[in-house]
2 protein chains.
Amino acid sequence: MATIRDVAREAGVSIATVSRVFNQSALVRPETCENVREVAARLDYWPNGAARSLITSRTLALGVVLPDLHGEFFSEVIRGIDLAARRERFQILLSSSHADADALNSAVRALRGRIDGLLVLSPDAGSARVVESIASSLPVVLIHSGPDTLACATLAIANHDGALAMTRHLVALGHRRIAMLCGPAGNVDAEERLRGYRAALTEAGLMQDAALELAGDFSEECGAACVPDLLAIEPRPTAIFCANDAMAIGMVTALRDTGVRVPEEMAVTGFDDIAIGRYLTPQLTTVRADAYELGERAVGMLLPHAQARQPVPAERVSVPTRLIVRASCGAALVPTSDAAQPRRHRPLAAAARREEDGREAAGRDRGRVS
Amino acid sequence: MATIRDVAREAGVSIATVSRVFNQSALVRPETCENVREVAARLDYWPNGAARSLITSRTLALGVVLPDLHGEFFSEVIRGIDLAARRERFQILLSSSHADADALNSAVRALRGRIDGLLVLSPDAGSARVVESIASSLPVVLIHSGPDTLACATLAIANHDGALAMTRHLVALGHRRIAMLCGPAGNVDAEERLRGYRAALTEAGLMQDAALELAGDFSEECGAACVPDLLAIEPRPTAIFCANDAMAIGMVTALRDTGVRVPEEMAVTGFDDIAIGRYLTPQLTTVRADAYELGERAVGMLLPHAQARQPVPAERVSVPTRLIVRASCGAALVPTSDAAQPRRHRPLAAAARREEDGREAAGRDRGRVS
DNA sequence: CGTTTGGATGTAAACGATTACATGGACATC
DNA sequence: GATGTCCATGTAATCGTTTACATCCAAACG
């Protein structure tokens with residue numbers, strides 16, 4: 001691999017001149033510049049990134065630490081991150097840690113000196129502390145939806161608002177016994193959704209009932225497995241709000257197998273708006289947390305400070321959610337003016353970004369929260 | 001940020017000793033080692049990656065260049081790559097270029113000197129040349145399914161075999177007029193699938209008919225949009241094989257809206273086995289190209305040579321595909337012993353990796369090709 | 001007791017760039 | 001013609017490591 005010295009020798013100039021050519025310095029004579037470029041191309045030379053970032057102490061790279069690459073939600077987040085970073089010519093160093101604090105720590109270690117900023121996506125409650133400790137030495141943005149204000153820049157999904165809107169929607173449809181299938185303990189997203197659900201019940205004057213809150217773990221299997229528990233609750237609920245779509249999907253499938261009609265006998269709703277939801281029968285009513293936007297905005301918060309090599313001010317930004325009303329909640333059963341609309345074909349990818357038609361916009365309005 | 005010199009001074013040793021401690025050299029006295037570690041922890045020191053890779057000329061990073069991060073298939077590939085790389089403590093530098101050769105070239109430039117090896121995933125026919133030219137200076141594996149043998153290590157999906165198996169399956173179900181919805185021109189995966197389809201028709205003694213080959217672009221919209229064209233073919237086909245699942249999904253949805261029953265009046269099949277397929281009504285018969293495995297094996301091919309800093313021998317490895325028989329092809333309509341089995345609940349994530357039950361295993365056997 | 005051996009540690013030269021500062025020549029100014 | 005200015009270019013220090021080689025000291029050996 002050719003170095004700057006090879007090019008300098010071959011072009012008959014000093015290494016400083018070659019360096020200047022590759023850094024768009026204006027102080028190089030056009031002919032010299034031309035000549036150097038020609039030689040560089042011939043020698044297949046390109047500045048070595050490691051050497052460059054050693055001396056400039058900037059890497060043009062952003063670290064991204066994830067709990068796991070699995071699942072559509074995270075893959076969309078990454079996509080948002082990648083595209084936003086690319087716009088500013090930043091690269092992405094990926095690292096899928098396992099959500100606990102130790103793994104996070106060692107992942108951050110491995111990234112040290114190779115990134116200008118860090119994005120941490122961790123639903124784990126404990127990880128917030130780790131990130132706070134890093135924040136002094138490296139610009140970092142935490143994508144984390146815990147309720148408390150942390151001593152670092154945080155981007156949160158409006159889980160509470162979304163769950164509130166969803167539960168209100170179920171109440172508005174006439175449901176009085178609304179169950180909730182919770183997410184894993186210690187997951188802040190799950191906890192916030194539960195809080196939103198409870199808030200809506202209180203608001204509607206419905207009694208809180210611990211029996212209505214089923215334990216879950218965000219997996220599809222669990223959504224299917226807890227159907228017997230759901231049906232055993234006395235008196236039987238008429239609706240269940242699942243803390244994420246995967247569980248809702250498992251539940252709808254299992255309910256169908258059990259012979260319970262959805263939504264007539266049991267309304268089921270989810271959270272996340274993953275693509276599969278719109279292909280489910282019945283189509284899944286859910287809350288959209290725009291994963292792409294989440295990634296994009298996280299980069300927007302981080303990048304200016306990463307470039308300036310300054311800590312990101314400890315602010316808390318919230319990404320709003322939107323209620324997406326489809327069939328699984330039974331909204332179509334309640335007579336409304338637009339319930340009979342024929343289903344227009346909607347491709348999953350395109351639709352996810354610009355969904356503004358009648359029924360779902362109505363859902364949005366209904367879901368507006370303060 | 002503390003450097004090795006700070007630690008050395010504070011611990012009262014030379015920088016060489018500190019370096020040795022962090023490189024598990026056996027030549028350091030236990031007490032010294034202990035002391036250095038203690039000081040390093042106190043100063044929050046960790047070796048700078050850029051400096052390290054400058055001197056060792058190894059980066060412990062792999063570059064990954066993708067046409068676009070979008071879609072479930074690619075996200076699964078990345079997951080396979082990430083997990084396999086992680087096992088060897090390698091990191092992933094992501095770069096989603098736009099499939100053309102120029103973008104690929106500049107993406108590779110930006111990665112120069114920051115990676116030990118490169119994985120290029122490009123279905124574009126022209127990109128193969130670019131990669132060949134890089135292969136001499138950097139270990140690289142191309143994930144590309146073109147028919148020709150290239151002068152670089154290539155990992156290909158057995159598109160031809162998969163399409164052959166699928167078409168044979170439709171023939172075995174009694175179909176005689178089988179249409180194909182093709183992928184975009186210039187996409188090697190699409191072209192190979194078309195070749196496999198044609199081969200199966202020839203093999204079955206069915207006439208080739210250009211009217212049966214519809215142009216497509218791999219998008220769901222296009223699958224829906226070409227339904228009128230499909231229905232206008234005279235005499236009307238009884239089955240259509242779509243070159244990917246997204247198109248098949250669009251088509252199934254649009255056919256249903258048009259009132260054409262699937263699979264009774266029109267059998268529809270796809271390729272890729274994306275998660276949505278199993279939630280479609282009817283469930284989609286497809287060909288599985290295990291994206292996770294693809295990423296995993298690509299890393300397996302690349303990593304040993306990346307570590308040894310040697311070019312990857314120009315070999316062509318093929319990842320086999322598997323026929324996944326579900327309902328959309330009408331197989332359940334044909335009397336078989338297991339057709340009446342109740343549908344067991346299958347979560348998408350788990351099922352994708354260990355699907356060995358009766359019906360689908362049968363599909364695999366039927367799909368076995370030389 | 002002198003010599004050898006070998007283990008622990010230190011010294012200094014890389015690695016490949018960037019960039020502050022020095023240099024030198026052309027031109028304008030007085 | 002001496003001096004100053006400015007532009008293009010060169011020189012050399014620097015970034016934070018790794019590692020070959022040198023050094024030193026204690027133990028082992030004859």
Side-chain angles (χ1 to χ4, degrees), chain A residues 1-37 39-40 43-61 109-116 137-138 307 309, chain B residues 1-37 39-40 43-61 109-116 137-138 307 309:
Chain A
M1 190 76 76
T3 76
I4 199 173
R5 244 164 280 271
D6 300 323
V7 177
R9 190 177 348 98
E10 192 79 6
V13 297
S14 76
I15 58 167
T17 301
V18 177
S19 175
R20 278 189 272 260
V21 167
F22 276 88
N23 288 283
Q24 358 259 23
S25 167
L27 308 131
V28 185
R29 216 155 41 107
E31 307 96 274
T32 315
C33 182
E34 183 81 3
N35 178 32
V36 167
R37 281 199 189 286
V39 172
L43 264 49
D44 194 27
Y45 167 79
W46 196 260
N48 178 300
R52 205 174 215 175
S53 61
L54 178 57
I55 189 80
T56 59
S57 70
R58 76 178 29 169
T59 60
L60 291 180
R109 283 244 163 81
L111 259 24
R112 189 80 73 91
R114 349 184 85 193
I115 55 174
D116 294 337
S137 59
L138 185 74
Q307 286 171 322
R309 298 221 247 341
Chain B
M1 191 74 75
T3 76
I4 198 172
R5 243 164 281 270
D6 300 324
V7 177
R9 189 178 347 98
E10 192 80 5
V13 297
S14 75
I15 58 167
T17 301
V18 178
S19 175
R20 278 190 273 259
V21 168
F22 277 87
N23 289 283
Q24 0 258 24
S25 167
L27 307 129
V28 185
R29 217 156 38 108
E31 307 97 272
T32 315
C33 181
E34 182 81 4
N35 179 31
V36 168
R37 281 199 188 287
V39 172
L43 266 47
D44 195 27
Y45 166 80
W46 196 262
N48 177 300
R52 207 174 213 177
S53 60
L54 178 58
I55 189 79
T56 59
S57 72
R58 75 179 30 170
T59 61
L60 292 179
R109 283 245 162 78
L111 258 26
R112 189 80 71 91
R114 348 185 84 193
I115 55 174
D116 294 337
S137 59
L138 185 74
Q307 286 172 322
R309 297 221 250 337

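Note that the structure is a prediction, hence the values are computed from the model and not measured. Side chains are part of it too, since the values below use all heavy atoms of this structure and drop only hydrogens, waters and symmetry mates. Protein chains get the first letters and strands the later ones, always in sequence-line order, with residue 1 at the start of each.
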Does anything in residues 17-26 of chain B pair up under salt bridge (Lys or Arg N to Asp or Glu O under 4.0 Å), and if so which pairs, sequence neighbours excluded? none
Of all residues at least two apart in sequence or in a different chain, which pass the side-chain hydrogen bond (donor to acceptor under 3.5 Å, both in side chains) check with Ser57(B)? Arg309(B)
So what does Thr32(B) hit on the nucleic acid, given a heavy-atom distance under 4.0 Å: a base, only sugar-phosphate, or nothing? sugar-phosphate
Once you apply a heavy-atom cut-off of 4.0 Å, does Ser57(B) come out as touching a base, just sugar-phosphate, or nothing? nothing
Segment of DNA chain D, first to last nucleotide, that comes within the 4.0 Å heavy-atom reach of chain A: dA8(D) to dG16(D)
Identify, with sequence neighbours excluded, every residue that meets side-chain hydrogen bond (donor to acceptor under 3.5 Å, both in side chains) alongside Asp116(A). Thr59(A)
Please name all residues satisfying ring pair (Phe, Tyr, Trp, His ring centres under 6.0 Å) with Phe22(B), sequence neighbours left out, ordered by chain then number. Tyr45(B), Trp46(B)
Ser14(B): what forms a side-chain contact (heavy atoms from CB on, under 4.5 Å) with it, not counting sequence neighbours? Ala16(B), Thr17(B)
Is a side-chain N or O of Ser19(B) found less than 3.5 angstrom from the main chain of Ile15(B), in a donor-acceptor match? no
Test of understanding: with salt bridge (charged side-chain N to carboxylate O under 4.0 Å, His left out), list the residues that count as partners of Arg29(B), not counting sequence neighbours. Glu31(B)
If the condition is side-chain contact (heavy atoms from CB on, under 4.5 Å), which residues does Glu34(B) pass it with, not counting sequence neighbours? none
Under 4.0 Å protein heavy-atom contacts per nucleotide of nucleotides 13-21 of chain C, with B for base, S for backbone only and - for none: -BBBBBB--
Residues in salt bridge (charged side-chain N to carboxylate O under 4.0 Å, His left out) with Arg9(A), at least two apart? Asp6(A)
Axial bend angle, the helix from dC1(C)-dG30(D) to dC30(C)-dG1(D): five-pair end segments, nearest 10°: 60°
Sorted by chain and number, sequence neighbours left out, side-chain hydrogen bond (donor to acceptor under 3.5 Å, both in side chains) with Arg58(A) holds for none
